[in-house]
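Here the structure comes first, spelled out in C-alpha cells, and everything after it is commentary.
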2 protein chains.
Amino acid sequence: MNRTNYSAKREAIYSAICSTKTHPDAEWIYNKVKIDFPNISLGTVYRNLVMLRNEGKIISLGVVKGCERFDGNVREHSHFICTECGRIIDVSRNFALHISNLDELVQKELGVKVESHDLAFYGKCDLCREGQEK
Amino acid sequence: MNRTNYSAKREAIYSAICSTKTHPDAEWIYNKVKIDFPNISLGTVYRNLVMLRNEGKIISLGVVKGCERFDGNVREHSHFICTECGRIIDVSRNFALHISNLDELVQKELGVKVESHDLAFYGKCDLCREGQEK
DNA sequence: AAAGAAATCAGTAATGATTATCATTTTTCA
DNA sequence: TGAAAAATGATAATCATTACTGATTTCTTT
C-alpha cells in the first residue's frame, strides 16, 4: 500500500477548511490556499480532499447546488441548508441523543452496517427571507 | 405564469418513479419510460423531474455517487445509503416523532424558516458486506 | 549528505451528469 | 377548427470532477 508523505499543500488545504464555518467547496478552498501557494493546482485540492476525507479529518456534507461541500468539524452535529442560496449553517444544539440509538434499529431492520448518520434541515435562511421579505 | 399542460410522458415518468423502491436516477427512469415511449429524450426526463419536484409529487434524495436520486414516496421516512454501491433502502421504522419537534428548535436558534428535514443513515449494505465477507 | 524510490504536484485533457437551445409537435381553449 | 401556449427531440453547451503525464518534492537507505 502507498504511504502518505508530508505535504505542505495538504496542510494548507486542511487549515483552510478549518478556518471557516462556511462549509466550503473545492473552488473556495482553492482560492483560499492560493493566497499562500499561488501555484497550487485545483487538481491538487480535489486529490487532497479525497485523502483528508479518507483519513477522517474532514467530512463531506454532500452536493449543494452542484458543488460538494466540506466540513473540518468532524464532531457530530447537524446542519441547516438554505435551498435558495446554498448557505450551510451549523446547528449548535446537539441532537445526538435523539439519533444515536436509531443506528442500531436500522441495522437490525435492514441487516446492514450503519457507520454514520446525518440529520439535515432545509429551508430559507434569514438573509434569503428578508431579501424577499416574506 | 406558465400553466402546466397534460403530458403523457410526464405521467409515464412519474409512474416509473413510483413503480420502484430503488430510488432511481434520471438514466434509470429514462430507460424505463423508453419501453413505452421509445422516442423519449433524456432532456425530457430531466425537465419533468424538475417539474414533478416543484409540484411536490416526488422528492430528491440528493446526489449519490454523482447522480441525483429520486423518490415517489413523499411521506416522511428515512433512508439507508450504502457508501460502497450507492444502493438506497427505505427505513420502515418511523422516526418522525423524534425529529419533527426539532424543526422548531432550529428555527428559533438560527432565525431561519425550516421547511423540511432529512435523516439518512450511511454504511455498508448487506450485499456489499457479504461480497467482502467482513 | 547523496542517490534512488516513492509520493506529490502543476498543467492540461477527458469525463459525464445536467442544462440550454431551438425547431417541431402536442395540448389547450376560445 | 385554429391560433397561442406548453412540451418535446435532438443536439450543443456547461461545469464540477477525474484522469493523465512529466516534473518536483519527500522519504529512506546508505
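In what follows, chains are A, B, ... by sequence order, proteins preceding strands, each numbered from 1. Side-chain atoms are counted along with the backbone in the values below, which use heavy atoms only and exclude waters and symmetry mates.
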Give a yes or no on whether the backbone of B:Ala16 and the side-chain of B:Ser19 come within a donor-acceptor separation of less than 3.5 Å. yes
All ring-ring contact (aromatic ring centres under 6.0 Å, His included) counterparts of B:His79, not counting sequence neighbours: B:His23, B:His77
Let me check the geometry of the helix from C:dA1-D:dT30 to C:dA30-D:dT1. What is the bend angle between the axes at its two ends, five pairs each, to 10°? 40°
Please state how far atom CD in A:Glu27 lies from atom C1' in D:dA16, giving the value in whole angstrom units. 9 Å
Restricting to salt bridge (Lys or Arg N to Asp or Glu O under 4.0 Å), what partner residues turn up for A:Lys113, sequence neighbours left out? none
How is the hydrophobic cluster of A:Leu127 composed, in terms of its other members, when Ile, Leu, Val, Met, Phe, Trp and Tyr link through side-chain heavy atoms under 4.5 Å apart, directly or indirectly? none
To the nearest angstrom, the CZ-C1' distance between B:Phe37 and C:dT25 comes to 14 Å
Rounded to whole Å, how long is the line connecting atom CG of B:Asn39 with atom C1' of D:dA10? 11 Å
Passes side-chain contact (heavy atoms from CB on, under 4.5 Å), A:Glu115 versus B:Tyr122? Steps please. CA-CA 6 Å; A:Glu115 293 165 348; B:Tyr122 296 88; 5.9 Å; no
Ignoring backbone atoms, establish whether A:Ser7 has a side-chain N or O less than 4.0 Å from OP1 or OP2 of C:dC9. yes
In residues 8-26 of chain B, which ones come under 4.0 Å of DNA chain D, going by heavy atoms? B:Lys9, B:Arg10
Would you mind listing every salt bridge (charged side-chain N to carboxylate O under 4.0 Å, His left out) that reaches into residues 47-56 of chain A, with sequence neighbours excluded? none
Apply side-chain contact (heavy atoms from CB on, under 4.5 Å) to the pair B:Gln107 and A:Phe80, showing each step before the final yes or no. CA-CA 9 Å; B:Gln107 288 195 158; A:Phe80 170 84; over 6 Å; no
Got a list of protein N/O to nucleotides 1-5 of chain D N/O distances below 3.5 Å?
none

Under 4.5 Å side-chain linkage, directly or through intermediates, the cluster mates of A:Ile13: A:Tyr14, A:Ile17, A:Trp28, A:Ile29, A:Tyr30, A:Val33, A:Phe37, A:Ile40, A:Leu42, A:Val45, A:Tyr46, A:Leu49, A:Leu52, A:Ile58, A:Phe70
Identify, residue by residue, the members of residues 40-69 of chain B with a heavy atom below 4.0 Å from DNA chain C, and return them in order of residue number, or none. B:Tyr46, B:Gly66, B:Cys67, B:Glu68
List the steps and the verdict of side-chain contact (heavy atoms from CB on, under 4.5 Å) for B:Ile88 and B:Arg69. CA-CA 9 Å; B:Ile88 301 178; B:Arg69 306 282 287 270; 3.7 Å; yes
Which Ile, Leu, Val, Met, Phe, Trp or Tyr residues join A:Ile35 in one cluster when any pair of side-chain heavy atoms under 4.5 Å counts as a link? none
Are B:Val114 and A:Ile81 grouped together when hydrophobic residues (ILVMFWY) are joined by side-chain heavy atoms under 4.5 angstrom apart? no
Excluding sequence neighbours, so at least two apart, what forms side-chain hydrogen bond (donor to acceptor under 3.5 Å, both in side chains) with A:Lys108? A:Glu104
OH of B:Tyr30 versus P of C:dA17: gap in Å, rounded? 13 Å
Please list all pairs meeting salt bridge (charged side-chain N to carboxylate O under 4.0 Å, His left out) that have one or both residues in residues 81-95 of chain B, counting only residues at least two apart or in different chains. B:Arg87-B:Asp126
